[in-house]
There are 2 protein chains.
Amino acid sequence: MRHAVLGGGKRIRPALAMASAIAVGGRSHDALPVAGALEMVHTYSLIHDDLPCMDDDDLRRGQPTVHVRFGEAIAVLAGDALHTLAFDTIAGSDAPPEMRLECVKRLAVAAGPDGMVGGQVLDLEAETRTPDARGLEAIHRGKTGALISASVALGALAGGGTSWQADTLGGFGQELGLVFQIVDDLLDEEQTSARLGKSAGKDRAAGKATYPAIHGLEAARAEASRHAAMARSLLEAAGAGPGPPVNSTGVHLLRLLTDRILHRTA
Amino acid sequence: MRHAVLGGGKRIRPALAMASAIAVGGRSHDALPVAGALEMVHTYSLIHDDLPCMDDDDLRRGQPTVHVRFGEAIAVLAGDALHTLAFDTIAGSDAPPEMRLECVKRLAVAAGPDGMVGGQVLDLEAETRTPDARGLEAIHRGKTGALISASVALGALAGGGTSWQADTLGGFGQELGLVFQIVDDLLDEEQTSARLGKSAGKDRAAGKATYPAIHGLEAARAEASRHAAMARSLLEAAGAGPGPPVNSTGVHLLRLLTDRILHRTA
C-alpha cells in the first residue's frame, strides 16, 4: 500500500481538492482527508489496472508496479485495502457528519459502476469493438473524468462550499478530466517510458481506443484545448452563482492546474 | 456483478444483520441497506479470492466463478464495483445521517487492512510459514470474523440500537465468525464439491493453515463448539446491558443462526 500510494505521482487529485477548498473560502487543510481518500482510490485503480490480466504494466511512477514487486495476490489485496481505507478516511475525519456523508456518497458514485469502474469496463470492451468519438468520450468521462470531477467537488464540500458550488466546480472537473485523459493519450504516443515513469506506447500496441487513434494527433490536441476552454468557462460560472463569493486565489490555483494539465509533458 | 451477488449463497451476513435489527427492537426492513452492503462486500472478496492469482477457484455457489465466466479483467472490476457499491448503498439510504456514517465507518474498518483484507494477507503469508494456534485465530478473526461481527453490529445500528448494543452484539459476531470459519475448514475436509457448491479439499492441497490441519478434526470440532458457547454467552450479555431491553424474537433468531452455522453441512 505504501509502495503504491506514497511512491510519487503527480498528486493531481489532492491538489485539485485543496485548491477547490480554497476557492470556496475554506482552508486547504480542510480538504486533507478527502485529498487522501481521492489519491487512495486513484492508486487502488492503478494497482488493479497494472495487473497482468488488465494492462499488464511493469512500471509505474518510475518504480516496479505492485504486482512485480510483491506478487499478484498482494497487489489485488493492496488495491482492495486502499479502496476501503479511502472511505474509512473520509468517514473517520472530524468534519461535520452531514458533509462527511455527502463526500462518501459522491466518492462512491464517482468510483463505482456509473463512474470510474464503469469507464474501465467500457475501455476493456473497446479493445474488441472500436468506439466512435462519442463512445470514446463516454469511456474517458467514466474512467478519468468522474474521479477528477469528484476531486474538485469533494474539495469544495470539505472547504465549506454549497452543493451548488460542488456541482458547478464538479462540472469544471469533468471537462478537466477529459483534458487530462486526452493529454495522457497524447503523451503515451509521443513520450518515452523514462520520461513518463510508466510504459509508453502501450495504448497503440494494445489497439486501445484513444483520442490520437480515433481523431489523429492534431485533432486530439485541438480537442484537449477545446475542453480546457470549457473548463475555464465553467470555473468562471462557479463564481457567478447563488453561493457565497468565491476566493480568487483558489480560482487562480484551479486555473493554473488546468494550464498545467493541458501543457504537461509527463 | 449480478452473477456473483445474486447467484445464491447462504446469505448469512444479511440474515445476521436483519435478526440483529429485530433484536434491538427495530424492524428487519431497517437493515436492508446494510444487509445488501455486507453481502456486496462479502461477494467482492469472494470474486477476488477466486482469481487465478489468489485461490484459483472455478466453482462458487455451484456456478462457474466470475473470472471463469467473464474473464479475469471483468472479475477484478466486478469485485471493485461491488466494493464501491456497498458504501454507496449505505451512504445513500434514507436512515439518519449519523447512523449511516457510523455504519460506513464500521464497515470500512471491518473490511479494510485491520479486518478482512488484513486477514487475507495473513492467510497468504501462512502458506509459506505455518502459524501456531494463536496466529491461526488471528487470521480467522480478520478474514471472516471481522465482517460477520460487522454484520451483527451494523444490523443493530440500523435497527436503532445503541453503540453499546452494537459493540456487544459485535462481540457475539466475532465468536460466531470463528465458528463459521472453523466449520468451513471442517467442511472443506469432509464434504464433496457438489454438496458445497465450491471446490472441496483445496485447503489441504494448498497446504493452507486450517483448524483441522493444526488441531486435528476432533479438536477443531471442539473449538467450534467452544466458540459457539462463547457466542451464546455474549448474546445473553447484550440483553443485560445499559441499552433498552432486547427483543426476545430477535435474540432467538440470532441463537438459531448460531446453531445453524455450527451444525451446517454445506
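- Residue B:Leu51 touches chain A through its side chain alone, counting heavy-atom pairs closer than 4.5 Å.
- Of the inter-residue distances, the one linking A:Asp88 atom CG with B:Arg106 atom CZ reads 12.5 Å to the nearest 0.5 angstrom.
- With a 4.5 Å cut-off on non-hydrogen atoms, B:Met1 touches chain A through its side chain but not through its backbone.
- Here the shortest heavy-atom pairing between B:Cys53 and A:Ala73 reads O-CB, 3.4 Å.
- Taking chain A as the reference chain and counting heavy-atom pairs below 4.5 Å, the highest number among B:His67, B:Arg100, B:Met116 is found for B:Arg100.
- Here the shortest heavy-atom pairing between B:Phe87 and A:Thr84 reads CZ-CG2, 4.1 Å.
- Here the closest heavy-atom approach between residue B:Lys105 and residue A:Ala91 is recorded as CG-CB, 3.5 Å.
- Looking at B:Leu77, the atoms closer than 4.5 Å to chain A (heavy atoms on both sides) sit in the backbone and in the side chain alike.
- Dense packing is recorded around CD of B:Glu125, with more than 12 heavy atoms of other residues, nucleotides or ligands lying under 6.0 Å away.
- Within a 6.0 Å sphere centred on CG of A:Asp94, other residues, nucleotides and ligands contribute 12 heavy atoms or fewer.
- Distance CD1/B:Ile74 to CE/A:Met54: 8.0 Å, rounded to 0.5 Å.
- Interface check for chain B: of the options A:Val41, A:Leu85, A:Leu124, the most heavy-atom pairs under 4.5 Å are formed by A:Leu124.
- B:Gln120 touches chain A through backbone and side chain together, each having a heavy atom under 4.5 Å away.
- Checking B:Asp80 against A:His48 by side-chain atom types alone, a donor-acceptor pair falls below 3.5 Å.
- For the options A:Val117, A:Val104, A:Leu101, A:Val109, heavy-atom pairs under 4.5 Å to chain B are most numerous at A:Leu101.
- A 6.0 Å sphere centred on CD of A:Glu127 holds more than 12 heavy atoms belonging to other residues, nucleotides or ligands.
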